[in-house]
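The block underneath contains the structure these notes are about, expressed in structure tokens.
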Amino acid sequence: MSETPGHDYCGSLDIGDIFDLRDNALRSRFRLYGGVRIPAGGRATVRAVRQYLTCGTGQADPRVLQTVGGEPIVDRDRIWLSMTTRGYMRVEDSCQGVYELDLRSFRLKLVSILAFRPSPDDPIDGHDLSSTDRQWHAASLLYDRDKDAWLFTVTSHGDDHGLWQGTLPCDPRDGGFMEVQASRMHYRSIGNEEDSHIVRDQRTGEWLMTYVRRNLELDKYETFLARSDTWNGTYTDIAGPADAQTGPILQTVDGRRYVFAGLGDSGRFVAMDPDDGLRRIGFLHLDQEPDGRSVWPLVVPLPDSSDSSEDADGRRCLLISFNRDPKLGQTPTGRYSYGDVLIYDSVI
């Protein structure tokens, strides 16, 4: 560190090896203190000591807040996104954020943080973790108008690496820090699944879920489509594996259903047919491809009232993704983070 007078310094400390702030009993008595240690005769000024939740070093894994039927929730030219709020070091040094996106200015604002408490009926590795808040992420949030309830699915990164679900205690758009109880989902698991997305089929009333499962022999993720009679029932695979590795999403565009997903290290996005065994239809064409691996497309068809152009002839559609920017992709610890949120605007 330079000893040049008049310089401000910013540092970081990994406290995970010292104590675990996910423990509610510990966090309730946690206090933050600050100071400085300098040589004899030295002089330093501490301008401020504060702690707060931030939007991290980058965002990843976008999902739009939607109804259980798959319709994006739009209000006064705003949509809301659930996105992983990334930290500097491990994948587990992340949390689940909820963001508001203005459709005219594209201003992005963090409004909520979700923390997940495993149900006492679902121990992890034999341990009851129901008194802790887990920083799981890559969540999907759905609103059930019939029951006036917000539902979620999430990936238990850092723990048993599976799919969990539950009900939020309030509207995640209202802001703040929210603690929610999660239960382990029922599906064919090998202990390495991610990126679940669920909609209710408006034709049959069944619940459909896309997700990825690790193929241990090929050492890569593959996409599956599963079905259940109820929201919290047993999901049975009905299609897959398909050659798509990240973030599969079920979405209807102009009356046709698709599954959109990312293609691992390629940075490309693929469209598949959920009504034909996840047959690959083609690729999504972008004027600028995201940088890095393991990115995915969030396709958001918008209602006509959200068109920002008076001359728009067709349905306005957003594609939201992210990258691992080369400048931010490697941290001083050698771990990775994420760079930009990428928003593509189109009329189809």
Side-chain angles (χ1 to χ4, degrees), residues 61 63-70 82 84 91-92 94-96 114-130 132-144 147 149-169 172 178-201 204-216 221-242 244-250 259 261 274 278 296:
D61 312 331
R63 301 290 200 197
V64 66
L65 272 63
Q66 61 183 50
T67 67
V68 294
S82 61
T84 298
V91 172
E92 296 81 11
S94 305
C95 62
Q96 183 60 58
L114 307 183
F116 301 92
R117 294 186 177 183
S119 167
D121 297 328
D122 292 313
I124 297 177
D125 294 330
H127 300 288
D128 179 1
L129 300 179
S130 60
T132 66
D133 291 332
R134 318 307 289 180
Q135 70 278 33
W136 299 341
H137 47 274
S140 294
L141 309 182
L142 306 89
Y143 179 59
D144 188 335
K147 298 182 179 180
W150 283 90
L151 312 176
F152 72 85
T153 66
V154 67
T155 302
S156 55
H157 286 290
D159 286 309
D160 61 352
H161 207 151
L163 307 179
W164 293 63
Q165 67 183 170
T167 303
L168 300 180
M178 187 183 304
E179 297 168 324
V180 302
Q181 187 174 91
S183 298
R184 186 178 283 112
M185 294 188 67
H186 304 289
Y187 65 100
R188 185 168 70 89
S189 174
I190 63 168
N192 197 333
E193 295 83 32
E194 300 181 349
D195 306 346
S196 54
H197 180 252
I198 295 180
V199 298
R200 185 169 60 197
D201 191 324
T204 65
E206 297 172 321
W207 296 81
L208 299 175
M209 176 176 72
T210 56
Y211 68 102
V212 297
R213 178 191 300 132
R214 191 78 173 178
N215 185 318
L216 300 179
Y221 286 99
E222 296 171 320
T223 293
F224 291 82
L225 177 66
R227 177 175 59 200
S228 174
D229 292 332
T230 59
W231 153 253
N232 57 355
T234 298
Y235 285 82
T236 302
D237 291 340
I238 58 173
Q245 287 74 50
T246 48
I249 180 175
L250 275 160
V259 170
L278 295 178
W296 77 45

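Along the sequence shown, the residues carry numbers beginning at 1. Below, each value reflects all heavy atoms present in this structure, side chains not excepted, and no hydrogens, waters or symmetry copies.
When all heavy atoms are compared, the tightest approach of Pro248 to His197 is O-CB, 3.7 Å. Nearest approach of Thr230 to Tyr235, heavy atoms of both residues: O-OH, 3.7 Å. Across Leu278 and Pro274, no two heavy atoms sit closer than the pair CD2-CA, 4.2 Å.
Here the CG atom belonging to Asp122 is positioned 15.5 Å from the CZ atom belonging to Arg117, to the nearest 0.5 angstrom. In this structure, OG1 in Thr155 is found 10.0 Å from CG in Asp160, a value given to the nearest 0.5 Å. Note that CG of Leu141 is 4.5 Å distant from CG of Leu65, once rounded to the nearest 0.5 Å. Rounded to the nearest 0.5 angstrom, Thr236 OG1 and Arg188 CZ are separated by 10.5 Å. Atom-to-atom distance recorded for Thr132:OG1 and Glu179:CD is 10.5 Å, nearest 0.5 angstrom. With rounding to the nearest 0.5 angstrom, the CG atom of Asp195 is 11.0 Å from the CD atom of Gln245.
Separation of the Phe152 and Phe116 ring centroids falls under the 6.0 Å cut-off.
Residues that satisfy the salt bridge (Lys or Arg N to Asp or Glu O under 4.0 Å) test with Arg214, not counting sequence neighbours, are Asp219. For His137, the ring pair (Phe, Tyr, Trp, His ring centres under 6.0 Å) partners at least two apart in sequence or on another chain are His157.
In this structure, Trp296 and Ile249 have side chains that are not in contact, with every pair of non-hydrogen atoms separated by 4.5 Å or more. Contact annotation: the side chain of Leu163 never approaches that of Thr153 to less than 4.5 Å [non-hydrogen atoms, C-beta and beyond]. Within the 4.5 Å cutoff, the side chain of Met178 has heavy atoms near those of the Pro169 side chain.
Residue pairs meeting the salt bridge (charged side-chain N to carboxylate O under 4.0 Å, His left out) criterion with at least one partner in residues 221-230, sequence neighbours excluded, are Glu206-Arg227.
The main-chain N or O of His186 is never found under 3.5 Å from a side-chain atom of Thr234 such that the two would form a donor-acceptor pair. Side-chain atoms of Ser94 never come within 3.5 Å of backbone atoms of Thr84 as a donor-acceptor pair (strictly under, hydrogens ignored). Not one N or O on the side chain of Ser183 forms a donor-acceptor pair closer than 3.5 Å with the backbone of Ser119. Within the 3.5 Å criterion, the main-chain N or O of His127 finds no donor-acceptor partner in the side chain of Asp125. Looking at Gln96, its side chain does come within 3.5 Å of a backbone N or O of Ala139 through a donor-acceptor pair.
Asp237 and Tyr187 are not linked by any side-chain donor-acceptor pair at a separation below 3.5 angstrom, with hydrogens and angles left out of the test.
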(request) Walk me through it: do Ile198 and Trp231 pass the test side chain to side chain contact (heavy atoms under 4.5 Å, CB included)? (result) CA-CA 9 Å; Ile198 295 180; Trp231 153 253; 3.8 Å; yes

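Using cut-offs of 30° and 60° on the angle between ring planes, the pair Trp164 and Trp136 is tilted.
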